[in-house]
Number of protein chains: 2
Amino acid sequence: MKKEALSSSSSGCKTRILAIKDTMEILTGKWKFHIIGSLMLFEKLRFMELLREVDGIGAKMLSKELQDLEMNHLIRRTVLNTKPLTVEYELTDCGRTLGPIIDEIAKWGITYRNTLYHKSETSESLV
Amino acid sequence: MKKEALSSSSSGCKTRILAIKDTMEILTGKWKFHIIGSLMLFEKLRFMELLREVDGIGAKMLSKELQDLEMNHLIRRTVLNTKPLTVEYELTDCGRTLGPIIDEIAKWGITYRNTLYHKSETSESLV
DNA sequence: GAAAGTAGTTTCTTTAAGGAAACTAATACC
DNA sequence: GGTATTAGTTTCCTTAAAGAAACTACTTTC
């Protein structure tokens, strides 16, 4: 049996771990998924609409999160020269590729809840 | 055109958003994905093995993260009555269902990197 | 000219996350 | 008895994330 070896530094493992780290750094924080989810649903939203749509977020947070997402090319910010000046946010093509991740996460969350309910009846490890 | 309405409180939207919140709360922090990923790769790992495997983590963090994961039924902790006493960690069935999420996230991270490289050549929005 | 709506920014404060180092406690080896 | 290993815990400290409230600046409506 090996002893000092182990360490997953083998082949694609490092790449994989890095890729996961990358993704999670980009999507970090309490609000990113919610903002992206809203933009997936509504296509285009203005700042004030997002502020109302993303339940509980404040202007400062929203502003910061939108900047983050824009820097990472996931959303596009367009200033419209309307009367009182409005700004439109929408997903880029790149941003839209997050669909499958968000689907998986939502799917898992729903299944997980159901699993817990059933498990709690029959015990399991439950503390 | 609607004005005050909007608000995605429609049908399954709330459920979906809650499910995403649930999932992300369970998998929050810098280390959970890395720990789960390691356990997917190695099946069973002891505390010290995880400490070496999960690059950069400290004993306190590892201990806390393992407790979190165990509370959420994603991993199982087994004390073996070996000579100096060892503890074995492994994924539960529930923990193993995270596979697809982690795959999607890893896949996206890799694609995202490639996309950036190509976009940076042809410009895009790039700051 | 006062009020309200647009899109934010600034300041100040609290809370959470994370890390380094030392420490406990049990056992085994020499 | 001294050193090492296992699996953590405890203490102390720093940094990052988040939030509330007030404020800027411009325009439109009444």
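The figures that follow rest on heavy atoms only: side chains count, while hydrogens, waters and symmetry mates do not. Below, chain A is the first sequence line, B the second, and so on; all start at residue 1.
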Using a cut-off of under 3.5 Å, enumerate the N/O to N/O pairs linking the protein to nucleotides 21-30 of chain C.
from	atom 1	to	atom 2	distance (Å)
dT27(C)	O3'	K83(B)	O	3.3

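- Minimum atom distance to the side chain of K30(A) is reached by dA18(D), of the listed dA7(C), dG8(C), dA18(D).
- With sequence neighbours left out, the side-chain contact (heavy atoms from CB on, under 4.5 Å) criterion links T82(A) to L80(A), P84(A), T86(A).
- Between L66(A) atom CG and dA18(D) atom P there is a gap of 14 Å when expressed in whole angstrom units.
- Rounded to whole Å, the distance from CE on M61(A) to P on dA20(D) is 11 Å.
- In this entry the distance linking CZ of F47(A) with P of dC26(D) reads 18 Å, nearest Å.
- In this entry the distance linking CD1 of I57(A) with C1' of dA18(D) reads 10 Å, nearest Å.
- Mapping M48(B) and W31(A) onto DNA chain D by nearest heavy atom places M48(B) closer to the 5' end of the strand.
- In this structure, the CG atom of D68(A) is 11 Å from the C1' atom of dA17(D), given to the nearest Å.
- K64(A) has its NZ atom 18 Å from the C1' atom of dA7(C), to the nearest Å.
- A close approach under 4.0 Å does occur between a side-chain nitrogen or oxygen of Q67(B) and OP1 or OP2 of dT9(D).
- At least one side-chain heavy atom of F47(B) sits less than 4.5 Å from a side-chain heavy atom of L66(B).
- Across all non-hydrogen atoms, the minimal contact from T23(B) to G109(A) is OG1-CA, 3.3 Å.
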>> side-chain contact (heavy atoms from CB on, under 4.5 Å), that's the test. Do L74(A) and Y112(B) meet it? Break it down for me.
In response: CA-CA 10 Å; L74(A) 301 177; Y112(B) 178 76; 4.2 Å; yes
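- Residue R46(A) contributes atom CZ, which lies 11 Å from atom C1' of dA7(C) at whole-angstrom precision.
- At whole-Å resolution of the value, CD in E65(B) and C1' in dG19(C) are 13 Å apart.
- A salt bridge does not link E49(A) with R52(A): none of the charged nitrogens is closer than 4.0 Å to a carboxylate oxygen.
- Within the nucleic acid shown, E88(B) has no heavy atom closer than 4.0 Å to any nucleic acid atom.
- Taken from NZ in K14(A) to CG in D55(B), the straight-line distance is 6.5 Å, to the nearest 0.5 Å.
- A search for salt bridge (Lys or Arg N to Asp or Glu O under 4.0 Å) contacts involving K32(B) returns E65(B), D68(B), not counting sequence neighbours.
- Here S63(A) reaches the OP1 or OP2 of dT9(C): one of its side-chain N or O atoms lies under 4.0 Å away.
- Under 4.0 angstrom from either OP1 or OP2 of dT6(C) there lies at least one side-chain N or O belonging to R52(A).
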